[in-house]
Structure formats: C-alpha cells, structure tokens
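Below is one structure, written out as structure tokens, with a few remarks after it.
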Amino acid sequence: MRVSSHANQSSLSARLRRNRMRYLDALIHASGRRDLFLADLGGTRSFWEMNLPYLENKDGLTSIDIFNLDAASQEECEISGIPVHFRSGDVTNLNEVAAGQYDIAFSNSVIEHVGNLDMQDRAACEIQRISRNFMVQTPNLRFPLEPHFYVPFFPFLPLGVRAWLHQHFTLGWLKLEPDALRARIDCDQIRLLSQKEIRLLFPDAAVHKERLVGMVKSFIVIGKGTA
C-alpha cells in the first residue's frame with residue numbers, strides 16, 4: 001500500500017491524535033509509578049516524535065518498544081528523553097512476549113489493518129495478554145467519511161467499486177494504485193470496526209467515543225490486561 005505524506009502537525013488528524021494522548025496520560029498517572037514499560041503494537045517512530053512531547057506524564061515511562069513487521073530496519077533512538085526500541089513482530093501473534101510483560105499496551109489506528117475479524121480478534125487477545133493495562137484507538141465504521149480514502153461511506157461500497165476508485169484516483173492519503181489486484185488487496189485489508197464489534201473484542205473495557213461535529217469519529221478503548 002502506497003501512502004502519501006500526512007505528517008502535518010496542524011492537520012485535524014494530528015490534533016485529534018494529540019488529544020488522545022490524555023487517555024495515555026491518565027493510564028500513566030493512575031499507575032502511580034515512574035518506571036513503566038510501554039509496548040506500541042503496530043506503531044511508528046514518527047508517531048512518537050509528533051506526539052510524545054505532548055504527553056504530560058511521559059517521565060513515568062522507562063522505555064517504549066514498538067512492534068512492527070518492518071521494525072528490523074529501524075534504529076533505536078531516544079525521543080523526549082525516552083528510549084525507543086524496535087521489535088520485529090506480528091501484532092496478531094506475539095509468542096515471544098510473556099503474559100503481562102508490559103505495563104501498558106498501546107495501539108493507535110492499527111487493528112483495522114490486521115485483516116478480517118478473526119485476525120482482529122487475535123490482535124485484541126494479544127493486546128490484552130501482554131499488558132497490565134491497554135489503550136486501543138480505532139476509527140468508527142459508521143462515521144460518514146472513511147479516514148483512509150476520504151470517500152463518504154466507502155466501507156459500504158462493493159469491493160469492486162472501492163478497488164476501481166483506488167485504481168483510478170488518489171484518495172485521501174493513499175496514492176493511486178494502478179494494479180487491479182493490489183488495489184483490491186489495499187481495499188480489502190482495511191476493515192473498520194463497529195461499536196458492537198469493539199465491545200465483543202474487548203468485553204471488559206471502557207469504550208470512549210471521540211466525536212467530530214457531533215458524530216462518533218473513532219473509539220478509544222481502555223482496559224485491564226488479562227495477565
């Protein structure tokens with residue numbers, strides 16, 4: 001999937017991401033500790049470069065481990081005084097991580113990219129298994145404007161129509177994909193979740209609603225791990 005650059009600090013999406021950090025602030029503050037280990041499942045270095053400075057309680061973090069399929073190509077770094085490490089891993093299968101190994105598991109706009117509902121369930125189970133507390137953000141399926149392609153009600157269009165649009169136009173922050181098969185794969189691998197599905201995946205968690213112009217744009221799920 002080819003992605004256009006959208007790392008604009010003044011954009012609406014960037015401001016919303018910064019606002020979400022208050023939930024992470026609350027998790028850190030509630031722990032009452034200053035030595036927390038955080039796992040970011042599916043995240044990126046650029047996300048933390050943009051948002052970690054806005055985290056009021058970042059001094060409570062000892063380190064951040066970012067799990068990603070291409071993490072091997074990333075160099076370890078320090079952001080706002082916090083060491084950031086990169087770990088190769090599939091967020092649907094983190095067998096190398098012990099249960100409860102992390103104080104906080106964090107995942108922002110990732111679970112909608114892991115595959116079908118079965119794969120999303122596996123990711124949800126891993127998030128809860130490896131953590132003592134977790135925070136997951138994901139877009140709302142029923143928000144009128146799809147957040148990747150920026151096409152109204154895009155998830156409800158037939159796959160063939162979605163693929164054709166992606167094949168012929170640059171939509172949202174996704175570049176035009178001229179290959180018909182790749183266009184279908186790109187569209188098929190993004191699966192937004194409904195509130196009902198969120199509650200099925202995280203049955204014991206609190207589900208917060210991030211609103212935009214009065215409508216629920218995304219869900220922020222806060223809960224205790226199963227370890």
Side-chain angles (χ1 to χ4, degrees), residues 1 13 16-17 19-24 26-27 30-31 38-43 47 66-69 89-149 151-159 162 184-227:
M1 180 181 293
S13 59
L16 288 173
R17 283 192 296 270
N19 287 337
R20 290 169 199 154
M21 299 304 278
R22 62 190 176 92
Y23 291 97
L24 181 55
L27 277 180
S31 74
L38 182 146
D40 179 0
L41 304 188
F47 173 88
I66 298 178
F67 288 85
N68 222 320
L69 293 175
D90 179 349
V91 300
T92 67
N93 183 4
L94 294 169
N95 287 335
E96 73 279 11
V97 182
Q101 181 171 329
Y102 288 93
D103 298 292
I104 298 173
F106 176 90
S107 184
N108 183 78
S109 293
V110 171
I111 198 169
E112 68 271 19
H113 293 282
V114 302
N116 59 23
L117 185 57
D118 177 57
M119 299 302 289
Q120 290 173 321
D121 181 43
R122 296 183 191 186
C125 288
E126 289 293 77
I127 288 168
Q128 295 169 88
R129 181 185 68 82
I130 71 169
S131 69
R132 296 181 178 87
N133 298 277
F134 65 85
M135 171 182 167
V136 175
Q137 183 277 339
T138 189
N140 177 19
L141 169 66
R142 304 195 183 281
F143 187 72
L145 189 64
E146 203 280 342
H148 305 89
F149 296 91
V151 174
F153 304 106
F154 191 76
F156 301 101
L157 298 175
L159 177 59
R162 286 181 279 150
R184 290 180 74 91
I185 291 172
D186 283 355
C187 293
D188 193 44
Q189 72 177 4
I190 298 177
R191 185 182 186 279
L192 302 187
L193 289 159
S194 67
Q195 182 174 340
K196 180 178 180 179
E197 290 172 331
I198 285 288
R199 294 193 181 280
L200 289 171
L201 294 175
F202 302 98
D204 299 319
V207 179
H208 302 270
K209 298 174 182 178
E210 179 182 76
R211 295 183 182 273
L212 184 64
V213 294
M215 294 178 286
V216 179
K217 184 180 184 298
S218 65
F219 301 109
I220 299 171
V221 188
I222 307 290
K224 297 284 187 181
T226 56

Decide side chain to side chain contact (heavy atoms under 4.5 Å, CB included) for Val114 and Val91; before the verdict, give the C-alpha distance in whole Å, the side-chain angles of both, and the deciding distance to 0.1 Å. CA-CA 8 Å; Val114 302; Val91 300; 3.7 Å; yes
Residues forming a side chain to side chain donor-acceptor pair (under 3.5 Å) with Asn95, sequence neighbours excluded: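 Checked Asn95 against side chain to side chain donor-acceptor pair (under 3.5 Å); matches are Asn93.
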Identify, with sequence neighbours excluded, every residue that meets side chain to side chain donor-acceptor pair (under 3.5 Å) alongside Gln137.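 With neighbours one apart ignored, the set is Ser109, Ser218.
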Mind checking what makes side-chain contact (heavy atoms from CB on, under 4.5 Å) contact with [X], not counting sequence neighbours?
| X | result |
| --- | --- |
| Asp204 | none |
| Pro152 | Leu145 |
| Leu159 | Arg162, Arg184, Cys187, Asp188 |

Distance, nearest 0.5 Å, that separates [atom1] of [X] from [atom2] of [Y]:
| X | Y | atom1 | atom2 | value |
| --- | --- | --- | --- | --- |
| Leu200 | Gln120 | CG | CD | 11.5 Å |
| Phe106 | Leu38 | CZ | CG | 7.5 Å |
| Arg122 | Ile127 | CZ | CD1 | 14.5 Å |
| Leu192 | Thr138 | CG | OG1 | 6.5 Å |
| Asp118 | Thr92 | CG | OG1 | 9.0 Å |
| His113 | Ile111 | NE2 | CD1 | 11.0 Å |

Within the side chain of [X], is there an N or O that forms a donor-acceptor pair under 3.5 Å with the backbone of [Y]?
| X | Y | result |
| --- | --- | --- |
| Gln128 | Ala124 | yes |
| Ser131 | Ile104 | no |
| Asn140 | Lys217 | no |
| Arg142 | Val216 | no |
| Arg129 | Leu94 | yes |

Pairing residues for Phe154 by the ring-ring contact (aromatic ring centres under 6.0 Å, His included) criterion, not counting sequence neighbours: Phe149
[X] and [Y]: which non-hydrogen atoms are nearest, and at how many Å?
| X | Y | answer |
| --- | --- | --- |
| Leu201 | Asp121 | CD2-CA, 3.5 Å |
| Asp40 | Ser107 | OD1-CA, 4.4 Å |
| Ile66 | Gly43 | CG2-O, 3.4 Å |
| Gly89 | Glu96 | CA-OE2, 4.3 Å |
| Phe47 | Asn108 | CE1-ND2, 3.7 Å |
| Gly42 | Val110 | O-CG2, 3.5 Å |

Whether Tyr102 and Phe67 hold their rings parallel, tilted or perpendicular, with breakpoints at 30° and 60°: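 Ring orientation, 0 to 90° scale: perpendicular.
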Inter- and intrachain pairs under salt bridge (charged side-chain N to carboxylate O under 4.0 Å, His left out), touching residues 207-216, at least two apart: Arg20-Glu210
Can you list the residues that meet the salt bridge (charged side-chain N to carboxylate O under 4.0 Å, His left out) rule with [X], with sequence neighbours excluded?
| X | result |
| --- | --- |
| Arg191 | Glu197 |
| Asp103 | Arg33, Arg132 |
| Glu112 | none |

Does some side-chain heavy atom of Ile198 sit less than 4.5 Å from a side-chain heavy atom of Leu193?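 Yes - at least one pair of side-chain heavy atoms lies under 4.5 Å apart.
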Hey, are the side chains of Pro144 and Met215 touching, using non-hydrogen atoms and a 4.5 Å cut-off?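 Pro144 vs Met215: side chains touch.
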Once ring pair (Phe, Tyr, Trp, His ring centres under 6.0 Å) is applied, what residue pairs with a partner in residues 196-217 remain, sequence neighbours excluded? Tyr23-His208, Phe134-Phe202
Show your reasoning for whether side chain to side chain contact (heavy atoms under 4.5 Å, CB included) applies to Ile220 and Met135. CA-CA 7 Å; Ile220 299 171; Met135 171 182 167; 4.0 Å; yes
Assess whether side chain to side chain contact (heavy atoms under 4.5 Å, CB included) is satisfied between Glu146 and Ile190, documenting all intermediate values. CA-CA 10 Å; Glu146 203 280 342; Ile190 298 177; 4.0 Å; yes
Report the C-alpha separation of Gln189 and Met119 in whole Å, then their side-chain angles, then the decisive distance to 0.1 Å, and conclude whether the side chain to side chain contact (heavy atoms under 4.5 Å, CB included) test is met. CA-CA 11 Å; Gln189 72 177 4; Met119 299 302 289; over 6 Å; no
